[in-house]
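Remarks on the structure that follows.
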Amino acid sequence: MEPSDSSSTMELMSRYVSSEPGYGVPVEGWRICLAHEFKEKRKPFQAKDVSLSNIMEHIGLGVRYLKWWYKKTQVEKKAPFIDMFRALPLRQIYGVPLGGIGGGTITRGWRGEFCRWQLNPGMYHYKTVIANQFTVCLRRGGQTVYQQVLSLDRPPTLQGWNWGYCGEYAFYHALYPRAWTVYHLPGQNVTLTCRQVSPVIPHEYKDSSLPVAVLVWDIENKNDFALDVSIMFTMTNGSGHKDDKGGGHWNEPFHLEKDGKAVSGVLLHHCTPFNPYTLCIAASEQADREISYQTAFSPRGTCGTLWSDLITDGRLDSPTGSSPPTQKGEKVAAALAVGCTVPGQGHNSVEFSLSWDMPLITFGSRERVHIRRYTRFFGTKGDAAPSLCHYALTHYRDWERRIEAWQGPILQDSSLPSWYKSALFNELYFVADGGTVWVELPEDSDVSGGCRSEEGGLPAQPPVIKEYGRFAYLEGQEYRMYNTYDVHFYASFALIMLWPKLALSLQYDIAGSVVQQDSTERLNLMSGRCSPVKTRNVVPHDIGDPDDEPWQRVNAYLIHDTADWKDLNLKFVLQVYRDFHLTQDRQYLQDMWPICQAVMESEMKFDQDGDGLIQNSGYADQTYDGWTVTGPSAYCGGLWLASVCVMCKMARLLDSDSVYRRYRDVLDRGSAAFDKLLWNGQYYNYDSSGRDLSNSVMSDQCAGQWFLRASGLGDDEYQAFPKEKVRSALKSVFDLNVLRFAGGQMGAVNGMRPEGVPDRSSVQSDEVWVGVVYGLAATMIHEGMLEEGLRTAEGCYRTVWERLGMAFQTPEAYCEKGIFRSLAYMRPLSVWAMQLALDSRRDKASPGPGELLPNQTAQNQEQAPTTKNEVPPETLHDVPNIH
C-alpha cells in the first residue's frame, strides 16, 4: 500500500483500538472504524447558493419551476423528477447495498443500519429501521455471560435491549459486492466477522438478478474454553415507511427442504395495495446448528420479552402458526436465532439469508404491470422468498469464488494504487442501487414503435431484449429519470464491460425510441416556450420517470427541449461503435446502422455554415445544462468529429462506400474548422463565441478523443484530432483544472480560466463532476499520461470517500468548499473507463514471445496478473475460497 493510501486509511481507522484483523477480510477496499466521525459536513446545493448574476439570468426558470413544483406536489400529489426545494441532506452513513441487480435494494450503513430502501421501483425511502439488528449471545456452562446488540445506537425505543456497543472495537470494510464488519467483543476474547455477500457477478444474467443476500458470521474464540454462541437477526415487516402501519401485514414461520438441503426462517408478508412483497429471513439447517425464531413481536416499547427469551437459554420460543394480520397503526417484526458451539482457540460460523420477493411491479402511473427478471427462474406468484433464501444459502460460496476470480487479478496488481481498486469496485454499487429495474419484455411490446428494419427501424422484439430483459437505472437517486442518455454515455463503460447484454438491451430501447415521436406540446422550464415531448429521429434525454410510466412516456426532463441538444445523438453513435468494438456483435451493428444514419442526419442541421462542424445555439444545449455555450465548441464539436469518424469506420465495415465518402469529406472539413476556430496553441477553447470567457479551459474538452481511443480508433485514417494537440490540451487541463484547483487534491474543476481561477460564469463551471473526472483520467491514460490520470482521479476518490463521508452515494458534483449536488449519481460509473484504458495500455505493451512486460522480471513472468475483466469460464470454479 502506498504511503498516501496507508495514511488516509489510518485517518478513517484512527479510533480503532483493537488489533483484531477479522476473519478473511481482504487487504484492498474501503475501511472505516465504526467510531469514526467525519469532520467536514457539507450542505446540498440550494437556490441560495446561486450567485446574484445567475439568479438574474435564470429568474424566469425559477418562477416557472416554482409553479410546476407546486402543481406536481400539491395538486397531483406526485414527487418532482428533480426537487430543488427538498434536496437530500448528507447522511454520512451508507455502506454496501444488499441484493442483485434490478430486483430492488436494501442498503446497510457502515455501522450496520438498514437505512436506505428501494423496493418500489426507482422510488427511494431513507429511513433507518431501528429494530433491524443483529444481537450476539455468549454462553458458558449453561449460563449467559454476554448479550449485546451489535449497534452503536441508544434509541428511545426497545430499551429492554442492551444497546451502545463501543464502536472503537469494530471496523467496516467494503469491496462491492461484498462487505465485512469486524466486532471485537470487549472483555470476552471473541471476535465476530459479519461477511455480506450479494450476487453481483459480471457476465452472469441469472443469479445477478436475484433480490437476495447472505450474511455469514465467522466467530473466533480466543479463550481456552468452549463457548455456545447465538446470533439473533431481527427484522421489521416493512421499510420504515408509513405503510408499515397500514394494517394487514402478517408473519409466518417456514421450513423448506430441497436437493438434500433444508432452510428455516420467518416470512414477513407486507400486504400493500400496490407492489406487495414478502421479506424472508432464513438460515441453513445443519446438525451442529440450532435454529429458533419468534414469529412476531412488536418493535415498540421496551421489547424486554424477546431479550429475556434469548438470554435465558440462547434460543427463541419458536411458536407454531402464523401471526394475525396487524391492525391499522400497528407494526410487527420477527426474529431468527442461530446457535453453535465454538471450541476454545477455535472458529465456527453461522449463515443467514435475507430475500425480498416483489415479482410484479407497477410504476407511479399504475397503468401497466411489469414482471421482474428474476421471476423467469423463481416464478411470479409471490411465493418465492423461501426458495430465494434456499438458493442463496446453497450457492453463495460459488458466487464468492466467481467474484474473487473476477476481482483477484486487479486486486493483486501491485502497479495499481489501493485507492483505485476501492474506487473501481465500490463505485459499482450504483448498477444495483441506482433505482435499477430489470424486467421482462412484455409479449405485446414493439420496441421499434412500428418502424421495421426494412424501413430504417428495428425488429419488434430484438432477441437480446427478449432473452436478457429490459434494463433501466436512474440518472441519480435525487434526479429521478431512467437511462438519462447524456449521463449514461459516461456510466455505460461499467455495463458494456461487465454486463454487455444489458448494455445492448438498453441501446435497442433507446434506438426504438429514436424513431418514435410524441407531438404533445409542453412547457420547457428554462425557455418558457412549448415544444413536443419527443421529436422523431433524435435520441431521447431519458426513457421516463418511475413515478409515471417509463418506456411508454419518455423525456421526463422538461427543463430544456432536448431535441435541440447537440450531444445526445452523437453519444448514441459513439456508443454504438464502442459497443461493437468490445462485443464484436455484428448483428447489433447492422441493426443500429440505420438509426445512426437517422440521428446523424438530424444532427447535420446544426452545421449552419456548411464547414463540417456543428454549432451550439447560445444556451446550455448539452449535458452541462446550466453552462451556456455558443457556436462551435470544444465539447460538442469534439463529440461531433468523433462521431463522424466513427460513421466512416462503420460505413467501411458495412461496405457502404457512398456513406463513407460523405462522412470522410465532413471529417476533413470539420477537423480543419475545429482547429481553426478553437485551437489556441495550448488547448481547445470552451467555445468560439468570442465572449470574455470563451477561452476557458474545459476539463471535458477531449471527450470525443476519449471515445475514439476506447473504441480502438484515433490513429491514421480514423484520427479526428492531432495527437500532439490532444496531449497539449490534456496537459493544460492537468496543470490548470487539476493542480491549480484546491491544491491539486480534489480532481478537475469543470472550467478554469487561463490565469488559474475557476470559471464562475455558471452554477456548473466551478463544480467538479466526479464522473467527468474519471473519464478525463481514462483519456489521459489512453494518451500515455498514466501518472497524471491517476493523480487526477485520486483527488475525487479521496474527497468523496475519505473527506466528505459520501461513500456509496457519490454525488454528481461538489464545489471546492461548502456544497455538493445530487447524491448517488450515475456518472461516476465511468471509473470503469479507466480500467478499459489500463487494459488497452497493457495490450499495447504486450510482449512478443520471450519478451517481458515493462516492470516484469523473469522470475514473476509466469505470475504476472492481468487486469482483464472477462472471467474465463474455465477458471470460475477453480479459485480457492479464502474463507
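Values in this document were obtained by computation on a predicted structure and should not be read as measured data.
Judged by distance alone, with hydrogens and angles left aside, the side-chain atoms of Asn221 form a donor-acceptor pair with the main-chain N or O of Phe225 at under 3.5 Å. Asp218 places no side-chain N or O within 3.5 Å of a backbone atom of Leu192 that could act as its donor or acceptor partner. A distance-only check finds a donor-acceptor pair linking the side chain of Arg15 to the backbone of Ala35 [under 3.5 Å]. Using modelled atom types, one side-chain atom of Glu478 and one backbone atom of Leu88 make a donor-acceptor pair closer than 3.5 Å. Remark: the backbone N or O of Val332 is not paired with any side-chain donor or acceptor of Thr326 at under 3.5 angstrom. At least one donor-acceptor pair under 3.5 Å links the side chain of Asp244 to the backbone N or O of Gly240. One N or O on the side chain of Gln147 and one on the backbone of Trp307 form a donor-acceptor pair closer than 3.5 Å. At distances below 3.5 Å, at least one donor-acceptor pair connects side-chain atoms of Asn426 with backbone N or O atoms of Ala174. Under the 3.5 Å distance criterion, the side-chain polar atoms of Lys381 are left unmatched by any main-chain donor or acceptor of Phe378. Of the possible donor and acceptor atoms, one in the side chain of Thr144 sits under 3.5 Å from a partner among the backbone N and O of Ile311.
The aromatic rings of Trp161 and Trp163 sit parallel, their planes meeting at an angle under 30°, below the 60° perpendicular limit. Relative ring orientation between Trp30 and Trp110 is described as perpendicular, the plane-to-plane angle rising above 60° on a 0-90° scale split at 30° and 60°.
Thr191 is not listed as a side-chain neighbour of Tyr23, based on a closest heavy-atom distance of 4.5 Å or more.
Ring to ring, Phe134 and Phe352 are close: their centroids are under 6.0 angstrom apart. Checked against a 6.0 Å centroid threshold, the rings of Tyr183 and Tyr165 count as neighbours.
The side chain to side chain donor-acceptor pair (under 3.5 Å) contacts involving residues 246-257 comprise Asn237-Asn251, Glu252-His269, His255-Ser264, His255-Glu285, where partners must be two or more places apart or lie in separate chains. The side chain to side chain donor-acceptor pair (under 3.5 Å) contacts involving residues 313-323 comprise Glu290-Arg315, where partners must be two or more places apart or lie in separate chains.
A salt bridge links Arg111 with Glu37: the distance from a Lys NZ or Arg NE/NH1/NH2 to an Asp or Glu carboxylate oxygen falls below 4.0 Å. For Lys206 and Glu204, the salt-bridge test fails: no basic side-chain N is under 4.0 Å from an acidic carboxylate O. For the pair Arg108 and Glu113, the salt-bridge criterion is not met [side-chain N within less than 4.0 Å of a carboxylate O]. Using a cutoff of 4.0 Å between basic side-chain nitrogens and carboxylate oxygens, Arg397 and Glu351 are scored as salt-bridged. A salt bridge is absent between Asp228 and Arg140; no separation between the charged side-chain nitrogens and carboxylate oxygens falls under 4.0 Å.
In this model, a donor atom of one side chain and an acceptor atom of the other lie less than 3.5 Å apart for Thr128 and Arg91.
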Query raised in the report: For Tyr16 and Phe171, what are the C-alpha separation, side-chain angles and deciding distance, and is it a ring pair (Phe, Tyr, Trp, His ring centres under 6.0 Å)?
Result: CA-CA 7 Å; Tyr16 186 58; Phe171 71 86; 5.1 Å; yes
